[in-house]
*Asks:* 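Below you will find the structure I want to go over with you.
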Amino acid sequence: MKDKLAEKLKETLIKIGNKSHIDLSDIRIEIKENKDKDFGDFSSNAAMVCAKKLSLTPIDLAKDVIENLKGIEGIEKLEIAGPGFINFFVTNTSRFKVLEDIFLEGDKYGIKTKTDQEKILIEYVSSNPTGPLHIGHGRGAAFGSVLASLLRANGNIVDEEYYVNDHGRQMDILAVSVLLRYIQLNDIELYYPDDCYQGDYIKEIAKEIFVKSKNKLVPQSSEFFELVKKAKDSEEGLNETISWIKDEEVQNLKIIKDSALKNILSVIKLDLKEFGVNHNSWFHESSLYKKEGSKNSKIEQALETLQNNNFIYEEDGAIWFKSTEFGDDKDRVVRRANEDPTYFASDIAYHLDKYERKYDRVINIWGSDHHGYLPRVKASVSALKQDEKKLEVVFIQFANLLRSGEKVSMSTRGGEFIELADLIEEVGSDAARFFYINRKGDQHLDFDLDLAKEQSKDNPLFYIQYAHARVCSVMQKLNKNQKLDINIAKKNLNLLIGEKEIDLQKQLAMFPEIIERSASKLEPHTICYYLKDLASIFHSYYNDEKIITDDENLLQSKLLLINSVRQVIKNGLGVLGIQAPESM
RNA sequence: GCCCCGUUAGCUCAGUCGGAUAGAGCGCUGGAUUCCUAAUCCAGAGGCCAUAGGUUCAAAUCCUGUACGGGGCACCA
């Protein structure tokens with residue numbers, strides 16, 4: 001209905017414009033639901049926006065528009081109000097259509113099919129594979145996952161990718177950590193450096209490798225143990241230890257690194273699965289370092305291209321990328337004096353790879369502590385002659401965990417962080433997802449553990465799910481031979497004209513637009529608030545009205561209404577990856 | 001110092017690419033249940049939309065400055 005009105009309105013304006021030879025075809029007018037019922041169902045600011053161009057007062061223009069709009073089907077009344085708003089009063093009959101639509105479309109209601117589908121890549125989580133996911137990763141995981149399903153609901157093709165940082169210093173430290181724990185299994189006393197990973201999972205991994213390798217990986221050189229001693233509390237010492245292993249124990253290091261990576265990745269995958277997060281692509285950073293037959297590695301190729309495009313120079317023994325030419329604060333090193341490419345260099349190659357895979361949009365979900373990193377990545381994309389506008393980054397702020405109103409310490413030092421798996425076990429995947437996305441991503445979030453578990457209206461997710469369960473409960477209470485009969489219901493829609501019944505129909509009709517807006521703004525939280533509003537109107541209605549009555553006509557029309565509510569809640573929660581339980 | 005984000009009711013937060021009288025929950029006060037889930041509902045009180053300017057017919061919303069809070073500024077990943 002709203003779309004139809006918007007179209008008619010625009011046609012009318014163009015027609016009026018033509019009379020005075022003024023082109024209004026690209027003017028942007030707005031038509032929106034009214035908060036205040038006295039102003040009708042919809043209102044438009046069209047007359048106020050166009051009045052100046054036509055040298056008319058908004059009121060006069062509005063009068064003209066209304067004359068032209070008269071006689072449109074479904075409109076009961078048109079009014080001019082305030083400084084020149086055009087208010088639309090819709091007939092009850094035209095509101096009923098949404099109920100038939102929902103019944104016909106079912107699970108598809110609100111889900112768009114587009115002919116011009118966009119191919120979108122969302123990369124998210126991408127936590128270092130050096131330990132299990134903790135609650136700091138949870139928000140990004142929930143956000144990316146919901147965003148993917150939201151963009152799909154909006155008619156696009158979406159790939160979800162996890163970038164595995166399986167190359168570099170963190171992996172080296174991981175390998176050393178495991179090796180040291182491994183050695184300790186022989187009751188050999190040795191210093192365990194502060195900068196090594198402290199969690200108990202390292203010991204588990206070491207044990208596993210210990211069994212498989214039959215304890216053959218212990219370095220035999222006393223030099224090694226001296227280095228470890230030195231690494232106890234100095235970063236330098238740790239670095240020396242790492243490079244010693246790299247030189248002397250290449251084969252063993254590889255075995256340990258590979259098994260540790262495999263082990264941790266499988267844990268991460270399991271955690272994500274429990275959380276309803278499903279990446280369909282796992283991209284390994286290490287693959288960017290591998291030669292491709294006769295060709296250089298992806299990183300070398302990318303750096304060569306930058307060089308050919310004249311954005312590379314040498315200084316202080318290092319190789320730099322001129323990111324300042326694209327607005328970055330300073331130029332960035334891509335190859336260290338020791339000739340190793342930096343992390344940034346592999347990220348350049350990674351983004352180039354994404355572009356080569358021909359996506360229309362490339363979306364990254366990053367922690368907001370990385371925002372300073374974006375200008376250089378955008379710069380590199382531009383320098384590689386790619387369209388940097390295709391790259392969008394959504395920044396996700398950290399979440400605080402609250403228990404009994406107190407902040408739960410999230411120190412990652414000493415490995416005392418809370419694992420995502422523990423959070424899911426405590427509050428459940430549904431609540432965790434909902435609370436993580438209940439706020440705009442770039443804002444701080446207090447995740448209240450007690451609230452997430454509470455079974456009352458204070459808990460917005462419970463409130464929404466309860467509305468769904470209530471409808472299901474009514475359906476259960478019907479006599480055995482009774483059920484929703486769409487034919488009877490359709491003939492009696494004119495019984496649904498109570499104030500709250502109309503409110504419900506209006507709210508239900510907004511759902512497709514909510515999906516669309518939420519998707520286009522990359523803001524999933526909009527859906528949470530929409531569903532809460534819908535549930536609220538429903539609960540209020542339910543309290544006022546008895547659904548089950550002896551009057552078959554009335555019963556059927558009401559059943560259609562409440563089942564529409566049930567369907568939309570189900571669809572909305574579905575997009576969020578959350579269950580809609582039939583009883584609670 | 002530079003950059004990003006935020007500031008809306010006592011608290012936690014919404015607020016439709018600028019629109020008519022700024023909303024919700026909690027908390028507070030007072031009510032509703034012989035009845036489909038009271039796990040709910042209804043009513044009341046509560047606001048200088050941080051602040052000072054600017055743009056506009058119209059600003060919580062856009063622009064600039066200021067204050068306060070959070071984060072970021074590596075040959076780390």
Side-chain angles (χ1 to χ4, degrees), chain A residues 28 30 32-36 38-39 43-45 48-49 51-52 57-58 81-85 87 126 128 130 165 167-171 173 235 285 315-320 328-330 332-347 367-375 395 397-398 402 405 438-446 448 451 454-460 462-463 465-467 469-478 510 513-514 517-518 520-521 525-526 528-530 532-533 535-536 538-549 558 562 583-584:
Chain A
R28 180 169 217 137
E30 190 178 280
K32 62 201 278 186
E33 287 83 5
N34 274 328
K35 285 177 258 184
D36 192 327
D38 293 345
F39 298 138
S43 70
S44 176
N45 61 354
M48 291 179 289
V49 175
K52 214 170 206 176
T57 66
F85 288 103
N87 290 336
S126 299
N128 281 339
T130 53
N165 298 128
H167 186 277
R169 186 177 150 78
Q170 298 306 318
M171 284 307 293
I173 296 178
E235 208 181 313
E285 184 189 4
E315 194 175 290
D316 298 332
I319 306 291
W320 298 71
D328 196 9
D329 294 338
K330 51 175 286 194
R332 307 291 172 174
V333 171
V334 287
R335 194 191 297 282
R336 302 182 184 97
N338 70 5
E339 298 200 346
D340 285 344
T342 57
Y343 177 82
F344 178 45
S346 58
D347 230 8
S368 47
D369 53 334
H370 285 74
H371 90 265
Y373 191 66
L374 182 57
F395 292 103
Q397 196 48 268
F398 296 120
L402 300 183
N438 193 30
R439 288 197 62 179
K440 264 190 216 139
D442 60 352
Q443 285 182 31
H444 293 275
L445 167 74
D446 288 330
D448 189 329
L451 185 60
E454 199 163 306
Q455 308 224 323
S456 78
K457 69 173 297 192
D458 301 359
N459 177 345
F462 176 84
Y463 188 73
Q465 289 180 319
Y466 181 45
R470 263 188 153 171
V471 176
C472 295
S473 165
V474 171
M475 300 310 286
Q476 293 275 315
K477 275 280 173 349
L478 293 172
M510 281 168 67
E513 197 189 326
I514 292 290
R517 195 165 67 222
S518 183
S520 67
K521 294 179 79 175
H525 74 281
T526 314
C528 301
Y529 286 93
Y530 166 82
K532 214 188 125 213
D533 288 343
S536 170
F538 168 76
H539 284 307
S540 174
Y541 174 63
Y542 181 91
N543 226 267
D544 285 1
E545 299 261 343
K546 188 132 171 71
I547 307 294
I548 298 177
T549 70
K558 284 181 169 179
I562 64 168
S583 67
M584 303 192 73

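The chains referred to below are lettered A, B, ... by the order of the sequence lines, with proteins before strands, and numbering in each begins at 1. It should be emphasised that the depicted structure is a prediction, and the values quoted were computed from it without experimental measurement.
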*Asks:* Which part of the nucleic acid, if any, lies within contact of A:D347, taking any heavy atom under 4.0 Å across all strands shown: a base, the sugar-phosphate backbone alone, or nothing?
*Replies:* nothing
*Asks:* Mind checking whether A:F462 and A:L451 have side chains closer than 4.5 Å, heavy atoms only?
*Replies:* no
*Asks:* Is the A:F344 ring parallel, tilted or perpendicular to the A:Y373 ring (thresholds 30°, 60°)?
*Replies:* perpendicular
*Asks:* Across the strands shown, which category fits A:Y466 at heavy-atom distances under 4.0 angstrom: base, sugar-phosphate, nothing?
*Replies:* base
*Asks:* Looking only at side-chain N and O atoms, does A:D442 offer a donor or acceptor that is under 3.5 Å from a partner on A:S368?
*Replies:* no
*Asks:* Any donor-acceptor pair under 3.5 Å between the side chain of A:H371 and the base of B:G71?
*Replies:* yes
*Asks:* Whole angstrom is fine here: how far is it from NZ in A:K440 over to P in B:G15?
*Replies:* 5 Å
*Asks:* Would you name the heavy atoms of A:D446 and A:L402 that are closest together and state the gap between them?
*Replies:* CB-CD1, 3.7 Å
*Asks:* Please determine, for B:U61, whether a Watson-Crick or G-U wobble partner exists with both distances under 3.5 Å, and give it or none.
*Replies:* none
*Asks:* Each nucleotide N or O in nucleotides 56-59 of chain B that has a protein N or O under 3.5 Å away: list the pair and distance.
*Replies:*
{"residue": "B:C57", "atom": "OP1", "partner": "A:K52", "partner atom": "NZ", "Å": "2.3"}

*Asks:* For B:G1, what is the paired nucleotide under Watson-Crick or G-U wobble rules, both distances under 3.5 Å?
*Replies:* B:C73
*Asks:* Taking only the P atom of each, what is the distance from B:A9 to B:A24 in whole angstrom?
*Replies:* 14 Å
*Asks:* Over all strands shown, is A:T526 touching base, sugar-phosphate only, or nothing at heavy-atom distances under 4.0 angstrom?
*Replies:* nothing
*Asks:* Considering only the P atoms, how many Å lie between B:A20 and B:C26, rounded to the nearest integer?
*Replies:* 26 Å
*Asks:* Can you give one letter per nucleotide of nucleotides 23-34 of chain B, going 5' to 3': B for a protein heavy atom under 4.0 Å from the base, S for sugar-phosphate only, - for none?
*Replies:* -SSS--------
*Asks:* When both hydrogen-bonding distances must be under 3.5 Å and the geometry is Watson-Crick or G-U wobble, what is B:U29 paired with, if anything?
*Replies:* B:A43
*Asks:* Salt bridge or not for A:K32 and A:E513, using N-O below 4.0 Å?
*Replies:* no
*Asks:* Could you please name the partner base of B:U12, counting Watson-Crick and G-U wobble pairs only when both distances are under 3.5 Å?
*Replies:* B:A24
*Asks:* Base, sugar-phosphate, or nothing for A:Q443, non-hydrogen atoms under 4.0 angstrom?
*Replies:* sugar-phosphate
*Asks:* Just call it for A:H525: base, sugar-phosphate, or nothing, with non-hydrogen atoms closer than 4.0 Å on any strand.
*Replies:* sugar-phosphate
*Asks:* Kindly point out which of B:C75, B:U40, B:A20 is positioned nearest to the side chain of A:H539?
*Replies:* B:U40
*Asks:* As a test of reading the structure: which of B:U37, B:C41, B:U40 is closest to the side chain of A:Y463, going by heavy atoms?
*Replies:* B:C41
*Asks:* Just compare B:A20, B:A39, B:A74 and give me whichever is closest to any side-chain atom of A:K330.
*Replies:* B:A74
*Asks:* In Watson-Crick or G-U wobble terms, both distances under 3.5 Å, what is the partner of B:C49?
*Replies:* none
*Asks:* Pick base, sugar-phosphate or nothing for A:R517, based on heavy-atom distances below 4.0 Å to the nucleic acid.
*Replies:* base
*Asks:* When all nucleic acid strands are considered with a 4.0 Å heavy-atom cut-off, which category describes A:N338: base, sugar-phosphate, or nothing?
*Replies:* nothing
*Asks:* Provide the Watson-Crick or G-U wobble partner of B:C36, both distances under 3.5 Å; none if there is no partner.
*Replies:* none
*Asks:* Tell me what A:K546 touches on the nucleic acid: a base, only sugar-phosphate, or nothing, going by heavy atoms under 4.0 Å.
*Replies:* base
*Asks:* Checking all strands, does A:E235 fall into the base, sugar-phosphate, or nothing category for heavy-atom contacts under 4.0 angstrom?
*Replies:* nothing
*Asks:* Return the minimal non-hydrogen interatomic distance between A:R517 and A:T526, and the atom names on each side.
*Replies:* NH2-CG2, 4.4 Å
*Asks:* Which heavy atom of A:T130 sits nearest to which heavy atom of A:Q170, and what is that distance?
*Replies:* CG2-O, 3.8 Å
*Asks:* If I take atom CD1 in residue A:I548 and atom P in nucleotide B:C36, what distance separates them, rounded to the nearest angstrom?
*Replies:* 9 Å
*Asks:* CG/A:D544 to NE2/A:H539 distance, rounded to the nearest 0.5 angstrom?
*Replies:* 13.5 Å
*Asks:* Nearest 0.5 angstrom please: A:R470 CZ to A:M584 CE, how far?
*Replies:* 11.5 Å
*Asks:* May I ask which nucleotide in the shown strands pairs with B:U56, Watson-Crick or G-U wobble, both distances under 3.5 Å?
*Replies:* none
*Asks:* Of all the choices, B:A77, B:C36, B:C13, which nucleotide is nearest to the side chain of A:R169 once you look at every atom?
*Replies:* B:A77
*Asks:* How far, in whole Å, is B:C57 from B:U66 if one measures between their P atoms?
*Replies:* 28 Å
*Asks:* Select base, sugar-phosphate, or nothing to describe what A:D316 touches, counting heavy atoms under 4.0 Å on all strands.
*Replies:* base
*Asks:* Pick base, sugar-phosphate or nothing for A:S473, based on heavy-atom distances below 4.0 Å to the nucleic acid.
*Replies:* base
*Asks:* Mind checking A:A81 for me? I need base, sugar-phosphate or nothing, with any heavy atom below 4.0 Å counting as a touch.
*Replies:* base
*Asks:* Using a 5.5 Å cut-off between ring centres and planes within 30 degrees, is A:F39 stacked on the base of B:A20?
*Replies:* yes
*Asks:* Which of the following nucleotides, B:C13, B:A38, B:C75, is nearest to the side chain of A:A337?
*Replies:* B:C75
*Asks:* Any idea which heavy atoms bring A:E285 and A:H167 closest together, and the distance?
*Replies:* OE1-O, 3.4 Å
*Asks:* Please classify the nucleic acid contact of A:M171 as base, sugar-phosphate, or nothing, using heavy-atom distances under 4.0 Å.
*Replies:* nothing
*Asks:* How far does the C1' atom of B:C35 sit from the matching atom of B:G30, given to the nearest Å?
*Replies:* 24 Å
*Asks:* How is A:Y373 classified with respect to the nucleic acid when contacts are heavy atoms under 4.0 Å: base, sugar-phosphate, or nothing?
*Replies:* base
*Asks:* Counting C-beta onward and ignoring hydrogens, is there a side-chain heavy-atom pair between A:Y529 and A:P460 closer than 4.5 Å?
*Replies:* no
